[in-house]
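Order of the sequence lines fixes the chain letters, A, B, ..., with proteins taken first and strands second; residue numbering starts at 1 for each chain.
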Amino acid sequence: MTCIGVVDTTFARVNMGAVAIDEIKNLLPNATVKRITVPGIKNTVWGALRLIRDGCDAVIVLGWVGPTPVDKYSYLATSIGLMQLQIETGALILDVTVHEEEGGGDEKKLKEIALDRTRKHVWNLVEMLRGGLERYAGKGLRQGYPHAGEII
Amino acid sequence: MTCIGVVDTTFARVNMGAVAIDEIKNLLPNATVKRITVPGIKNTVWGALRLIRDGCDAVIVLGWVGPTPVDKYSYLATSIGLMQLQIETGALILDVTVHEEEGGGDEKKLKEIALDRTRKHVWNLVEMLRGGLERYAGKGLRQGYPHAGEII
Amino acid sequence: MTCIGVVDTTFARVNMGAVAIDEIKNLLPNATVKRITVPGIKNTVWGALRLIRDGCDAVIVLGWVGPTPVDKYSYLATSIGLMQLQIETGALILDVTVHEEEGGGDEKKLKEIALDRTRKHVWNLVEMLRGGLERYAGKGLRQGYPHAGEII
Amino acid sequence: MTCIGVVDTTFARVNMGAVAIDEIKNLLPNATVKRITVPGIKNTVWGALRLIRDGCDAVIVLGWVGPTPVDKYSYLATSIGLMQLQIETGALILDVTVHEEEGGGDEKKLKEIALDRTRKHVWNLVEMLRGGLERYAGKGLRQGYPHAGEII
Amino acid sequence: MTCIGVVDTTFARVNMGAVAIDEIKNLLPNATVKRITVPGIKNTVWGALRLIRDGCDAVIVLGWVGPTPVDKYSYLATSIGLMQLQIETGALILDVTVHEEEGGGDEKKLKEIALDRTRKHVWNLVEMLRGGLERYAGKGLRQGYPHAGEII
């Protein structure tokens, strides 16, 4: 039975973890889901590591990043860490990252981006576990925004 | 018995290590606390490594970062190093980083940010060791600033 | 028999994976080709790892990168991850990366860049597997653009 | 008996290695000192690695960095490398880095910064080997500049 | 007998590999030289790894970097990769990197920089293999430009 890990943060302003779990249970009712909440994005590497050691072979990491240059460095360091973790463990980690400036100051819009991105990346994960995303290759899929589509 | 490590620096302009130790003893009276002080943020990776080898399974890293682009690169390199260290050892490392420009030139404000951030991250650590932060997921918690709150 | 892996994304707006496979079969008819499609560039490290574990000793990674600074950090993190993966496994990974701003707003041009770059990097891979690129050293070869040529 | 390594460069415009060795011998007369000079900052990782393999458990790395953005990337890559090296080996590495623009065009001033920073970091190293820097925690110590002091 | 590896690229607009080999044979006639040419700078990590596995204990990496911010990220990622490779293998890697904007639009000048930098770094490598660069420490040596000299 598949074990899927969910890592989210208290820094996020939307309960992305709860949304991800709902969507996983919706699409993959028999999966075991384990969740860990950490303070901020830089701690998600440790969270994902712990869930992998607890038996999860795929992890959704739900990050929320502030708007400053220092925040973006934290994003960069985390991204590097999550790649290294995948190389070390072989586990699949999909990261769903919301950047606070994406809302353009509109909190409602920011929340919608977070929800859409979370749900679509859960769908990505489930497709990868089931049969693969090959049929969507080059289709310009987007998460948090409408799909860009293939260039014809 | 839990061993919590504290790494701080001589570069910092606030004795964040002492504050962290007080707060740990306050919230977790039975924990063993080990401290190491290093010159600057780039040396905290070595400090954390030594405390982990000395038996700590969780480490608070208290960094203070100057305002220049080179200082931010030092922050980035350190962040990458601390993630790698967590991947290698499995230990939990919470980093509490104060950036000198956060005070906007006001030293008092900068000190308050440092104290608030330190205490709140000790609280994070203790919650993670006790039962987890799941109930605060997506609540927009902030350290050094007032909480941003959840988007309703 | 050589096994060549192809990793591409659903984020890309051109089916670079299909083009790469055609070109590999054209130039190296006896090679085994394995393909995996992942959501975006940051997931290509996991994709390449899986193909290497499945027996491929060379992998073409086809990435598509958005135009924002955050997108470029994702590119940077991925580039670091792919190098680390090569160091860990010894496998050859050629990455073919298209940056959305390269088209200058012209989708047709962007697609041409993607196709040209993909085909030329497949050629690079095949040359490296056959006899080496030594005779083209310093010739100013470009992928996605006309060759710059050697400075005489 | 403690073995302290010293890595410096031919790129530097001040013989920081000689100054460091003098200061180590002054403060720690019984230490064994081993020195290696490399071309530039990016080569210091290899230099430190070699000295660690030669038996040094602490290394001073004396770097000199040019003023351009590319030079700063070299600084960043080196900083990441030195952290990784510490994680792999457990050795303490203190890096003393001079940035050419720090002099503001005044070579004399630049040399003074280099000398002060070198000597103060040797003192840091010696204190760490002896009893620790805990009593200086949060004191706002600076190397190459006057101490900033604690915020009262 | 010493084996020196040479990695160069087809992206470069000057045959730096041939120049390096000439210079190695000139200065170190008994050395074995192995060369591998890869497409671009990001592939040099793999190239150096292969030469190290083929028995080389020192490698010259000859990179050519474009002028855009993305090109500089490729440079950064490569620099990090080459450091990691040295940590993993203990081999000495000297990288000789030419940045296209260094010529200021003058191809002749760019070529001269590439040639001078290549030859001087071969000399560095040979000196390191023979007796060390200690006597040149702090002398402000430059490659591709006139030496800056020591600050007196």
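Pairs of residues two or more places apart, or lying in two chains, that qualify as ring pair (Phe, Tyr, Trp, His ring centres under 6.0 Å) and include a residue from residues 128-152 of chain E are E/W123-E/Y136.
For chain E, no part of C/A77 is nearby; none of its heavy atoms comes within less than 4.5 Å. Of the two parts of C/L82, neither the backbone nor the side chain holds a non-hydrogen atom closer than 4.5 Å to a non-hydrogen atom of chain E. At a 4.5 Å heavy-atom cutoff, the contact between C/I93 and chain E is made by backbone atoms alone.
Between atom CD1 of residue C/I151 and atom NZ of residue E/K111 there is a gap of 7.5 Å, rounded to the nearest 0.5 Å. In this structure, CG on E/L76 lies 5.0 Å from CG on C/L76, to the nearest 0.5 angstrom. Atom OG1 of E/T37 and atom CD of C/E127 lie 12.0 Å apart (nearest 0.5 Å). If you take OH on E/Y73 and OG on C/S74, they are separated by 10.5 Å, rounding to the nearest 0.5 Å.
With E/R13 contributing its side chain and C/G138 its backbone, the two residues share no donor-acceptor pair below 3.5 Å.
For the pair C/M83/E/I80, no side-chain contact is recorded, criterion being any heavy-atom separation below 4.5 Å from C-beta on.
Contact count versus chain C (heavy atoms, under 4.5 Å) is highest, among E/T9, E/T78, E/V70, for E/V70. When each of C/D95, C/T97, C/V65 is scored by its heavy-atom pairs under 4.5 Å with chain E, the top score falls to C/D95. Per-residue counts of heavy-atom pairs under 4.5 Å with chain C were compared for E/G81, E/P69, E/A114; the largest is that of E/G81.
Applying the side chain to side chain donor-acceptor pair (under 3.5 Å) criterion to E/K72, with sequence neighbours excluded, gives E/H99, E/E101.
Between E/L49 and C/Q86, the shortest heavy-atom distance links the atoms CD2-O, 3.3 Å. Of all non-hydrogen atoms in E/R35 and C/E134, the two that sit nearest each other are O-OE2, 3.8 Å. Of all non-hydrogen atoms in E/P39 and C/M128, the two that sit nearest each other are CD-SD, 3.6 Å. Scanning both residues, C/R142 and E/F11, for their nearest heavy atoms gives NH1-O, 2.8 Å. Nearest approach of E/W46 to C/G90, heavy atoms of both residues: NE1-O, 3.3 Å.
Dense packing is recorded around CZ of E/R117, with more than 12 heavy atoms of other residues, nucleotides or ligands lying under 6.0 Å away.
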**Prompt:** Where do E/T68 and C/E102 land on the side-chain contact (heavy atoms from CB on, under 4.5 Å) test, with the steps shown first?
**Reply:** CA-CA 11 Å; E/T68 73; C/E102 287 187 285; over 6 Å; no
